[in-house]
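All residue numbers in this chain count up from 1 along the given sequence.
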Amino acid sequence: MADELAQILIKQYDSLVTQRQTWESHWQEVADYVVPRKADVTKNRSPGDKRSELVFDGTAILAAELLAASLHGMLTNGSTSWFGLRFSDDELNGDDEAKEWLQSVEDVMYQAFNRSNFQEQIAELYLDLVTFGTAVMFVDKDDEQQIRFSTRHIKECFLSEDDKGRVDTVFRKFKMPARAALKKFGDEKFNSKILQKANENPYEQLTLIHAVYPRDERDITKATAENKPFASIYIEPEEKAVLSESGFDEFCYMAPRFSKSSFELGYGRSPSMTALADIKMLNRMSEVTIRAAQKQVDPPLLVPDDGFMLPVRTVPGGLNFYRSGTRDRIEPLKIGANNPLGLNMEEQRRKAIRAAFYVDQLILGEGPQMTATEVVQRTEEKMRLLGPLTGRLSQELLQPLISRVYNILSRQQAFAAAPDFMLNQNLEIIYVSPLAKAQRQGDIASMTRLLELMTPLSQLDPGIMDYVDSDGISKHLIKILGVPATAVRGEQEVAILRAQRQEQQAAMAEQQELMQQAEAAGNAAPMVRALEAGQAAE
């Protein structure tokens, strides 16, 4: 049965290989010019081999690294909060105890992210995303660091989508040292031929296939690994043998696409692909310009065919002898190169490449005497332009990533026990990254503008401020700014404080009234005594 399953999966793998073939040459060309260290999609290169032989201009390489680093800093910056949790039930979002429990959950998740190798692996994912258009990250539990992340090279991964256009199937072909494979799967899983190779050379690389796909047929009443929603099968393709069969409770791969055509399945497109024609043109132009400059700095020589003793010596201080009495001389060949024209054309291509990689949106240009308000407004406009870029990442990367990490930590019982009234409540993810906050600055500006206009009108008619809901504004600002729950009070605590404040105000008013009555009585006492004295005199 195991061999039959292996044969079925290998046929599915072969089908995915065929579907991906048209992308591979494109990826290889992009890698050659934009990310040379990963330029081994269709080429077989030795580790440590030089891979930048086609690059004569590094504009595209730097622009891709800038965009990848900017996405990392704006979406998943390890030094700031970039996500939060809230309840689907709005009433619980106003409860102080519920909010503080959510805050404790967020703290545990951030600790797990920071303890793991997340930052280094997510940086590689963003670089794959802006170059190949498709990136693949594997997320699994870890005995030492709770969670382990692994960004895989696109050449290893073969993808398929579900009916909603989301990647739900990944076949990964990779190599593993024989000794590591025997330790992971056991000696009994391999035949005698492979065992002999492993004994003779334990460091020999074995080719394996890891298939992860949805299980259509499973027994949901059994919580075994073989009945989990997603199957996880390791196969030895040479002998068509199943090495391991288990599963995952949720899809363990994050496979975001930078952008994607509706008629293309599985894989996406990138800014590198958009700018590939300009990148290739710029490299060719730079090569020609370098050769022209080289000819001008060290030009070819015109040497008469008679009267000189060869070889011609062009080193500093070199002596060349010619026949006395002749007018022949060694002269440089004037090639008539127009360097300014070539440099201007190169700069045009560089601007087009930088525009394709959103460099203008990522770097705020210096304007003449810009005020702080103008800087904020220009930053807001640039962040809005990046909105479509990050929308797909939220659905295909951030949401499944956070959900996967939350579920792993929950199964590890890493969170504090939730209060009884919060059980079976649904949670939602909110994004509080620098980019998300910048894109929401418009709401803050609108509320600020509202108060600026309403304040002078309230002097004419105080009732105009009845339209302003101060509680609603405060709640919205807290939500937009992503203020931690420990820094704000819940609705119940606010209600208690307001009740205490009203009691204090009522007590002060009563005390002030008594003081006024006493003062009035004190002022009336002399008059009473005078009247009494007058009556007594009569």
Side-chain angles (χ1 to χ4, degrees), residues 72-116 118-119 122 137 139-142 145-147 149 166 248-252 254 256 390-440 443-444 472 474-494:
H72 185 190
M74 293 187 298
L75 295 177
T76 53
N77 193 338
S79 61
T80 61
S81 300
W82 50 276
F83 74 92
L85 301 175
R86 67 187 302 273
F87 292 100
S88 300
D89 186 356
D90 288 335
E91 293 184 1
L92 288 177
N93 292 321
D95 186 86
D96 195 58
E97 184 179 2
K99 291 172 61 177
E100 291 184 358
W101 180 83
L102 276 185
Q103 183 67 52
S104 68
V105 171
E106 294 174 13
D107 293 340
V108 172
M109 293 181 67
Y110 278 118
Q111 290 175 3
F113 275 115
N114 296 332
R115 189 185 300 114
S116 67
F118 174 72
Q119 293 299 324
I122 196 67
M137 173 185 279
V139 183
D140 199 9
K141 62 182 180 181
D142 187 80
Q145 299 178 343
Q146 293 182 298
I147 307 173
F149 302 88
R166 296 285 184 261
F248 296 102
D249 292 286
E250 55 273 333
F251 193 50
C252 59
M254 314 296 115
T390 58
R392 178 177 288 274
L393 294 183
S394 299
Q395 295 296 322
E396 296 187 354
L397 173 62
L398 300 181
Q399 182 175 345
L401 172 67
I402 297 170
S403 299
R404 171 73 171 156
V405 171
Y406 174 85
N407 291 329
I408 291 176
L409 295 177
S410 179
R411 287 190 290 269
Q412 293 176 347
Q413 298 181 350
F415 303 135
D420 293 338
F421 69 90
M422 294 167 47
L423 297 178
N424 300 323
Q425 293 292 333
N426 294 325
L427 300 181
E428 296 178 353
I429 300 171
I430 55 176
Y431 302 107
V432 293
S433 64
L435 179 59
K437 290 180 180 179
Q439 291 176 339
R440 292 195 292 259
D443 291 348
I444 299 178
S474 301
K475 293 177 183 178
H476 194 55
L477 286 175
I478 292 171
K479 180 181 178 181
I480 292 176
L481 298 175
V483 181
T486 53
V488 296
R489 294 187 174 94
E491 293 184 2
Q492 296 178 354
E493 190 173 357
V494 170

Between CG on residue Leu427 and CG on residue Asp89, distance to nearest 0.5 Å: 11.5 Å
Between Phe83 and Tyr431, does the ring centroid distance fall short of 6.0 Å? no
Between OG1 of Thr76 and CZ of Phe113, what distance do you get to the nearest 0.5 Å? 9.0 Å
For Arg404 and Cys252, which heavy atoms make the closest approach, and how far apart are they? NH2-CB, 3.7 Å
Applying side-chain contact (heavy atoms from CB on, under 4.5 Å) to Glu106 and not counting sequence neighbours gives Leu85, Gln103, Tyr110
Sorted by first residue and then second, give each side chain to side chain donor-acceptor pair (under 3.5 Å) pair with at least one member in residues 412-423; sequence neighbours left out. none
Under 3.5 Å, side chain of Trp82 to main-chain N/O of Met74, donor-acceptor pair present? no
Interatomic spacing from CD in Gln145 to OG in Ser116 - rounded to 0.5 Å: 6.5 Å
When you check the gap from the basic side-chain N to the acidic O, do Glu250 and Lys141 get nearer than 4.0 Å? no
What I'd like to find out is whether the side chain of Arg115 reaches to under 4.5 Å of the side chain of Ile147, using heavy atoms alone. no
Would you check if the side chain of Ser410 reaches a backbone N or O of Tyr406 as a donor-acceptor pair within less than 3.5 Å? no
Got a second to check how far Glu97's CD is from Leu102's CG, nearest 0.5 Å? 11.5 Å
If you round to the nearest 0.5 Å, how far is CD of Gln146 from CD1 of Ile408? 10.0 Å
Point-to-point distance, once rounded to the nearest 0.5 Å, from CG of Leu401 to CG of Leu393: 11.5 Å
Indicate the atoms forming the closest heavy-atom contact of Leu397 with Met254, along with that distance. CD1-CB, 4.0 Å
Work out which heavy atom in Ser394 is nearest to a heavy atom in Pro400; give both atom names and the distance. O-CD, 4.3 Å
Nearest heavy atoms of Leu92 and Ala98, plus distance in Å: O-CB, 3.5 Å
Closest approach of Phe415 and Leu409, non-hydrogen atoms and distance? CZ-CB, 3.6 Å
Stepwise side-chain contact (heavy atoms from CB on, under 4.5 Å) test for Gln395 and Arg166: CA-CA 9 Å; Gln395 295 296 322; Arg166 296 285 184 261; 3.5 Å; yes
Does the side chain of Val405 reach to within under 4.5 Å of the side chain of Phe149, using non-hydrogen atoms? yes
Over all atoms of both residues, closest heavy-atom pair of Gly78 and Gln119: CA-NE2, 3.4 Å
Kindly indicate whether the side chain of Met137, heavy atoms from C-beta on, has any atom under 4.5 Å from the side chain of Val139. yes
